[in-house]
Every structure is written in C-alpha cells, then in structure tokens.
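Below: the structure, in structure tokens.
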Amino acid sequence: MSKSNDRTLRFYNEVLGLDRLHYGIWQPDDELTYDNLKKAQIRYEDFLIENIPEGVKTVLDVGCGTGVLSKKLLEAGYAVEGLSPDINQKKVFTENVKAEFHHSTFDKFEANKKYDCLIMSESAQYIKLHRLFENARQSLKQDGYLMICDYFRLEDASGIHGKSGHYFHIFKEQMQESGFKLITERDITDSVTKTLDIAKYFADRAILAADIGTEKIRRKHPHLSKFILWLFRNKIDKVNRQMELIDSKAFKQNKTYRFFLLQNIS
Ligand SMILES: C[S@@+](CC[C@H](N)C(=O)[O-])C[C@H]1O[C@@H](n2cnc3c(N)ncnc32)[C@H](O)[C@@H]1O
C-alpha cells in the first residue's frame, strides 16, 4: 500500500478512532461534531446500498477496508465478498465479517466467477485506470454494475491536492471507451467536505492546545490530544502540508467527489 494511503487510514483509525475509512455525506445544517461525522459516514453507506439496482445478488466490495460496508450488505441480504491488498484489513475483515475475502489488489485480481455488482468506495483512486475498467469488465456479468464513489483531481489541480486521485477528465475519457454505460452520475463534493472542516476544526484547536500545553485539555478531549500527537509527530513543514490537505476550500478548488453507477454492456 502506498505511503499516502497508509497515512489516510492511520488518520481515520488512530486519530479519529473510526473503523470507517470514507468521508461521509453531511446534511447542510449539520454542526461540526464527532457524532455528526459518524452519522455522515453511516448515511453515505446507506446511500450506496440504496443505489444498488434491483436484481443484484452478488457483490464484490473492492477495497473493502475494515469490512463495515460488506457487513451491512450481508445484513441487507446480498451475497458479498471483500477484497483488499492490506494485511491488517484482511485480519479485521475475516474476524468481523462472515464472507469470503480476497487478499489482492484489484489490478491483479483474477475473479473465478462473475459478479452482479462491484462497489469501489473510495478505492478506485488506488487502482490503475487501465486495469480498473478492464478488470471490472472481466469480473462482471453481462449487464452487471460498477459503482464508484470517490474523489478525482481536476485538470489544473496543484499543491498537495494535486497529488492524489485519478484525473477526472482522463477517468471520463477512459470510462467512455471502456464498454460501460453511464447510468447515474452525481457530484456530491459539497456534501462530503464537512469531514475536512471538522478535521480542520480539531486541528486549529490542537495547535492552540499544543501552544498552551495543558494536561487538562488532554484529559477533557482525548480525540483532540491524539490529533495533536499525530499532527506534531513530524516536522513543522509537514504539519503545514497536512493542514492544506484538510482545507475544504483547497479541496473544492482542486478536486471533485463523484458517485457513478455504470453498467457493463460490452
Ligand atoms: C480509503 S479506504 C476505503 C475503504 C472502504 N471501501 C470504505 O469506504 O470505508 C481505501 C481502500 O482501498 C484499498 N486499496 C488500496 N489499493 C488498492 C488496490 N490497488 N486495489 C484494491 N483495493 C485497494 C485499501 O486497502 C482500502 O481498503
């Protein structure tokens, strides 16, 4: 797994104490609270499940993380399997989800069956584009569905945001050439970025708290103090880069967060 991917996952796990590894869908009036962040992440999972077309029975959760979505899919009656190249996720998934797990990247995955639906929830960005569509076609039944929910880089993206995610225009070009039909596309950028705002909110206070350096704050705000340790574990220039990473304005200038439902008509 790449260093930046590892950093993201550690951020969610160690700093926020969350077992969910995705942004979430916020409501416009939601206050920036830890509870609302958790609710937003659950709302996002429900949104994905609601958008699974009728008739789908078998699902491969590609880049399944800790298996939270897979578990929900099982409970909703789908025959689900998980896939991740990460050895820790393999352990967590197999302990918590009663479903088959494939320990592999999707790029190298050779399916021994054809699925009705593939879900890539914030995992498409890690899969090489030419492998993504080709392997999705190979792994899906005729008329099967590919669901992708992720962020993409805009063409003129710069700074730290210009370093991750597929270029949106290239993704769209390849999608059009791929033998998939576009069923749904939704721009949900504005609904996800409060996750960055809450991280920024914590970070600003963490910096302030680190300045003051009182133990009282650490006891009263355990998440906050974990954040301080995370933020300051490296040198100060790194801190500045992390701060840009959680700046929702910079995110919106450089990225777009999209939901896609595609159908394999090749
Ligand atoms: C940000 S997490 C998202 C996890 C989960 N889908 C969710 O929504 O919470 C990214 C996931 O993609 C996986 N991943 C990284 N590189 C991958 C690849 N080449 N093929 C498939 N999955 C990959 C990671 O191990 C991780 O499970």
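Counting starts at 1 for both ligands and their atoms, following the listed order. Hydrogens, waters and symmetry mates play no part in the numbers below; they use all other heavy atoms, side chains included. Sequential numbering from 1 along the given sequence is applied to the chain's residues.
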Item to check | Centroid-centroid under 6.0 Å between F171 and F260 rings | outcome: yes
Checklist entry - Got a salt bridge between K90 and E95, using NZ or NE/NH1/NH2 to carboxylate O under 4.0 Å? => result no
Checklist entry - Is any N or O atom of D86, backbone or side chain, closer than 3.5 Å to an N or O atom of ligand 1? => result no
Checklist entry - Is there side-chain contact between Q89 and H103, with at least one heavy-atom pair below 4.5 Å? => result no
Checklist entry - Is any side-chain heavy atom of T256 closer than 4.5 Å to a side-chain heavy atom of D187? => result yes
Checklist entry - Below 6.0 angstrom between ring centroids: does that apply to F47 and F259? => result yes
Checklist entry - With atoms numbered from 1 as shown, which atoms in ligand 1 lie under 4.0 angstrom from a non-hydrogen atom of Q89? => result 24 (C), 25 (O), 26 (C), 27 (O)
Next on the checklist: For ligand 1, which is the ligand I care about here, please tell me if G65 has any N or O atom under 3.5 Å from one of the ligand's N or O atoms.
Outcome noted: yes
Item to check | Heteroatom proximity flag, S121 to ligand 1, N/O under 3.5 Å | outcome: yes
Checklist entry - Any nitrogen or oxygen of S84, main chain or side chain, under 3.5 Å from a nitrogen or oxygen of ligand 1? => result yes
Checklist outcome for this item: Heavy-atom proximity to atom 19 (N) of ligand 1 ranks first, among I87, N135, D107, for D107
Checklist entry - Below 4.0 Å from any atom of ligand 1, is there a heavy atom belonging to L83? => result yes
Checklist entry - Do G63 and ligand 1 have an N or O pair less than 3.5 Å apart? => result yes
Next on the checklist: H22 versus ligand 1: do any nitrogen or oxygen atoms come within less than 3.5 Å of each other?
Outcome noted: yes
Next on the checklist: side chain to side chain donor-acceptor pair (under 3.5 Å) for S121 and Y44? Distances and angles first, verdict last.
Outcome noted: CA-CA 10 Å; S121 161; Y44 165 88; 2.7 Å; yes
Checklist outcome for this item: Within 4.0 Å of some non-hydrogen atom of F106, the atoms of ligand 1 are 18 (C), 20 (N), 21 (C)
Item to check | Carboxylate-amine/guanidinium contact E75 K72, below 4.0 Å | outcome: no
Checklist entry - Should D116 and K57 count as an ion pair when the cut-off is N to O under 4.0 Å? => result no
Next on the checklist: Please determine whether any non-hydrogen atom of L69 lies less than 4.0 Å from an atom of ligand 1.
Outcome noted: no
Checklist entry - Counting both backbone and side chain atoms, is some N or O of I127 under 3.5 Å from an N or O of ligand 1? => result no
